[in-house]
Every structure is written in structure tokens, then in C-alpha cells.
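If you're wondering where the values come from, they're calculated on a predicted model, not measured in any experiment. Counting convention: from 1, in listed order, for ligands and their atoms alike.
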Amino acid sequence: MAIRLGDEAPDFTAETTEGTINFHEWLGDSWGVLFSHPRDFTPVCTTELGYVAGIKDEFDKRGVKVIGLSVDPLGSHEEWSRDIEETQGNKVNFPMIADPDKKVADLYDMIHPNANDTQTVRSVFVVGPEKKVKLTLTYPASTGRNFNELLRVIDSLQLTATHKVATPANWEQGNDVIIGAAVSDEEAKELFPNGWDAQKPYLRVVPQPGR
Ligand code: BEZ
């Protein structure tokens, strides 16, 4: 069944390149990113894993654990990791789930049979510390994902989880934000005592809180 925003992220136990992992236990109180790859030893996947390994400290800074998946077995992941390090210059520094029986891929609806009935699409699930799904992305096999965009969305998710604001189009850290629609002007006066720019009654712009 499709996984929707706000659903609990399905739990599973799986073999990974860093040993057997129970997903919820492994996440602990952290945020998480679970992302799938169609196959080992494929070019776009190779660049994606190498890139994510290179920006792992950016996920760490945000308290986000990263875990990859492909339907190939563990030995294949280990052999492929050597190619990734050789060609991308970064050693894979997060666990990769080996899912040859497609248990996790099916649980997360990562196989879209009308696209390909044996390989996963490029799925991304961002999971919050309470294990709820905060973001889903689905890319085709032929298009590598933009992991800087993923970091940007995580910044927005983490900001909006702790402040009653929303982030506008193309928002990045430090840019102005929008007071949440459910916040009355009375409440907004308490939350934003320095006021706001009311471009419309429903479009109230304030500096990013907490900076
Ligand atoms: C790739 O990673 O390059 C790839 C994988 C499956 C289908 C197409 C491309």
C-alpha cells in the first residue's frame, strides 16, 4: 500500500552492510532518510551513493541518519562499494540494505511494476523522530536525485516542526518565512513581537525565527 505523509514509517529488520538493523531501533530519536536504488553496479546509482557519502556530515549536523537500499544481495553491495569509492572519491559511510527478497521494497511500495517490475524506483522517505513520514519523493531510474534539495527540505521540515511558520518557494536557511495560516494575528503578536510584513492578511512574512 502507498505510504502517505503522516503515516508511521513501516518498521522492518533487514541485513545491511553494517549488520542486521531494526529500522525503528536504529533510528532511535533521530530523523531518518531511507532511499532506494534500482540496482547495484549502475551508473546513476553509483554517482548518487558517492555524492551522499560526500555530504554525510551535512546529514549528521541535522541529526539525520541515512540508509540506502537496493534489491541486490550483501556481497554485491560490498563489491560495488569499492567501485563507488574508486570512481566517486567517497567511501560509502552509511548502511545499505540488501533486499533480494524485496521485503522492504514491497513494504515501502518502491517497486512500480509499470515502470519496472524487478527494480525499485528512486524513492526517498524522510522520517521524523516520532517515526512519522514527513516527505516522500519518487524519481525514475534514469534521473539522479538532487540531494542538496533534500537537505533544503529537511531544513524546512525541522524549522516548521519547532516554529509556527511555513517556508516559501525556493526558501533556504536564513531567508524570510511565512507565519502559519492557523496562527491568529493575536497569537502572532506574541510569537513575533517585532511584527511582520502583511503583504495580504493571509501572507504574513517574518524573518526566520531562531537565528
Ligand atoms: C542507473 O543507476 O544508472 C540506472 C539504473 C537502472 C535503470 C537506469 C539507470
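- Under the 4.5 Å side-chain heavy-atom criterion for grouping Ile, Leu, Val, Met, Phe, Trp and Tyr, L151 is connected to L49 within one hydrophobic cluster.
- Of the protein's non-hydrogen atoms, A141 CB, 3.8 Å is the one closest to atom 8 (C) of ligand 1.
- Under a 4.0 Å criterion applied to the non-hydrogen atoms of V44, ligand 1 contributes the atoms 1 (C), 2 (O), 3 (O).
- A cation-pi arrangement is present between K65 and W26 under the rule of less than 6.0 angstrom and at most 45 degrees off the ring axis.
- Side chains of D197 and Q199: a donor-acceptor N/O pair is present below 3.5 angstrom, by distance only.
- Judged by distance alone, the side chains of Y51 and N148 do bring a donor and an acceptor atom under 3.5 Å apart.
- Side-chain contact, S70 with W80: no donor N or O sits under 3.5 Å from an acceptor N or O.
- Those atoms of ligand 1 with a heavy atom of Q119 less than 4.0 angstrom away are 6 (C).
- Ligand-side atoms of ligand 1 in range of C45: 1 (C), 2 (O), range being under 4.0 angstrom from any heavy atom.
- Counting the atoms of ligand 1 from 1 in the order shown, those under 4.0 Å from a heavy atom of R122 are 1 (C), 2 (O), 4 (C), 5 (C).
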